[in-house]
Protein chains: 2
Amino acid sequence: MATGRTHRPATRSRGIPEATVARLPLYLRALTALSERSVPTVSSEELAAAAGVNSAKLRKDFSYLGSYGTRGVGYDVEYLVYQISRELGLTQDWPVVIVGIGNLGAALANYGGFASRGFRVAALIDADPAMAGKPVAGMPVQHTDDLERIISDNGVSIGVIATPAGAAQQVCDRLVAAGVTSILNFAPTVLSVPDGVDVRKVDLSIELQILAFHEQRKAGEDAASDDGAPAPAVAKDHRKGPDGDVPAVMPA
Amino acid sequence: MATGRTHRPATRSRGIPEATVARLPLYLRALTALSERSVPTVSSEELAAAAGVNSAKLRKDFSYLGSYGTRGVGYDVEYLVYQISRELGLTQDWPVVIVGIGNLGAALANYGGFASRGFRVAALIDADPAMAGKPVAGMPVQHTDDLERIISDNGVSIGVIATPAGAAQQVCDRLVAAGVTSILNFAPTVLSVPDGVDVRKVDLSIELQILAFHEQRKAGEDAASDDGAPAPAVAKDHRKGPDGDVPAVMPA
DNA sequence: ATGTCTTTGTGAACGCGTGCACAAAGATGG
DNA sequence: CCATCTTTGTGCACGCGTTCACAAAGACAT
């Protein structure tokens, strides 16, 4: 997924493995759906099916949070919703800023998923002076000049970067300097941040490329031909090449 | 990431580990940047730094593709760009359809990252009759009724779902039935697909929730001292109990 | 040629995540 | 109170991924 994989190994999370943390939102979503249908309890088997995971894995995940189930019965839906929400920190309000109000940034601002669960879009920020003041998702866009003040005034600790790749690192540096310690990066760039700052990335083109790899694998299982020659400018010499094309020293 | 995480274990990928495949696009991006600056060769150390990974990991990743480096010198940039592109299947053209042209779908249609490398938006599809014919990103939106024909006519094997959660599974089923075998899902739902179909998901709210978890942990580190002791009070009788702690969670 | 220096490619150890399989815990019924 | 049935919680083994550390390969100078 998508997603982000640029986070620190920091698994000192007091016992809760990173892989488990990544699944908690999934469980929470399934539980919320059950809660809305007023289902009182659910077994690990049922919930696992709804979340698309193995039931043993789910039980082990919950065991890191404590023993919240009842043997012979299952888990209490409401209680579990509360526990997971608390563990994820969703019982408090997280003001978020979105920087870069282009197509994607605007779509994110309008996306309901943000506001729905403890997250509140505190400000929209863009570098284009022409955007300043224009309303997007019922909120005026503010100029980058005020970034530091906005972060500070609203106590923002989570920032979303939706700028072009070229501007991302600079924006990131300013966000971090202003006090942001968690960043969700949509720009196709590797961000470097100091220790203590978490970065997760969402990269559409990477996801597509991974799909293309598997797609190719599926399609060309027999037609393992090495397509037309797109004229590899540099033919090199790779001896152990499985295909056996053996070039010489690379030209300069 | 988005990563995406709902993909099958399908690691029978003829030797190339899934984790490596997920990093190839990252290397490719860094290499492309070097190529544009006409840098002829690059060492594993330099490239690893640019891609934000460990250099040993990078060398091992490349070793799965074959031996493309020259000891004492490094890797030939152009040649490596070609090899990785070929491995990822980017030397061919991948027609893609986007289903669900709301805020997010429209942003995706306009996103340059799609067209940039081997991917071509073949059609935009939406269920709203009012959208039909309206141009988005210089391309007329087509109605869901024609989904099967569009897939078939264009030989589409990759579909992007950007519909509301409620419609996602249904759209997914139709895509799969029409011949799509790779799906990139932006809807906040677990999709179930038959074997042989790959699904990757990008879920904004999940990413944010993971960040919130770490953010909360960072914030509460000051008072973490008392946390060292094994949590004894396992609230057992919280079960639907004295309502004192009612979940403060919200739906949707 | 020979030696030195750089950088790759990889063997091996380690740690994390996953899933099986089962004992313990509690519900339920007689 | 005992027997049986359901479902949790987890010990254990296995496999994947990461990282270290080093020998081998080639470049380059003398």
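Reminder, nothing fancy here: chain letters follow the sequence lines and each chain counts from 1.
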Handout entry: Sidechain N-carboxylate O distance under 4.0 Å for B:Arg217, A:Asp198
Key =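 Not counted as a salt bridge, because no side-chain N and carboxylate O are separated by less than 4.0 Å.
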
Exercise for the section: For the pair B:Arg23 and B:Glu18, find out whether any cationic side-chain nitrogen is under 4.0 Å from an anionic carboxylate oxygen. Expected result: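 The answer is no: the pair does not qualify as a salt bridge.
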
Could you state the atom-to-atom distance from [atom1] of [X] to [atom2] of [N] in whole Å?
X: A:Leu47; N: D:dT8; atom1: CG; atom2: C1'; value: 13 Å
X: B:Arg23; N: D:dG17; atom1: CZ; atom2: C1'; value: 8 Å
X: A:Arg59; N: D:dG11; atom1: CZ; atom2: C1'; value: 13 Å
X: A:Leu58; N: D:dT8; atom1: CG; atom2: P; value: 9 Å
X: B:Ile16; N: D:dG17; atom1: CD1; atom2: P; value: 12 Å

Quick one: which of [options] gets closest to the side chain of [X]?
X: A:Pro17; options: C:dC20, C:dG17, D:dG9; value: C:dG17
X: B:Lys57; options: D:dG17, D:dT19, C:dG17; value: D:dT19
X: A:Ser63; options: D:dT19, C:dG9, D:dG9; value: D:dG9

Exercise for the section: Report yes if a side-chain nitrogen or oxygen of A:Asn54 is closer than 4.0 Å to either non-bridging phosphate oxygen (OP1 or OP2) of C:dC20; otherwise report no. Expected result: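 Result: yes.
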
Exercise for the section: Assert yes or no for the condition that the ring centre distance of B:Tyr68 to B:Phe62 is strictly below 6.0 Å. Expected result: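 Not under 6.0 Å, so no.
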
Handout entry: Presence of donor-acceptor pair under 3.5 Å, side chain of A:Lys60 and base of C:dG19
Key =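 Indeed, a donor on one side and an acceptor on the other fall under 3.5 Å apart.
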
Handout entry: First encountered from the 5' end of DNA chain C, between B:Phe62 and A:Ala56
Key =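 Of the two residues, B:Phe62 wins.
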
Side-chain donor-acceptor contacts of residues 166-176 of chain A below 3.5 Å, not counting sequence neighbours, with atom names and distances?
unit_1: A:Gln169; atom_1: OE1; unit_2: A:Ser192; atom_2: N; d: 3.0
unit_1: A:Gln169; atom_1: NE2; unit_2: A:Asp173; atom_2: OD1; d: 2.8
unit_1: A:Gln169; atom_1: NE2; unit_2: A:Ser192; atom_2: O; d: 3.1
unit_1: A:Arg174; atom_1: NE; unit_2: A:Glu148; atom_2: OE2; d: 2.9
unit_1: A:Arg174; atom_1: NH2; unit_2: A:Thr144; atom_2: O; d: 2.9
unit_1: A:Arg174; atom_1: NH2; unit_2: A:Glu148; atom_2: OE1; d: 2.9
unit_1: A:Arg174; atom_1: NH2; unit_2: A:Glu148; atom_2: OE2; d: 3.4

Extract from the structure each pairing of a protein N or O with an N or O of nucleotides 5-7 of chain C at less than 3.5 Å, listing the distance.
unit_1: C:dT7; atom_1: O4'; unit_2: B:Gly72; atom_2: N; d: 3.0

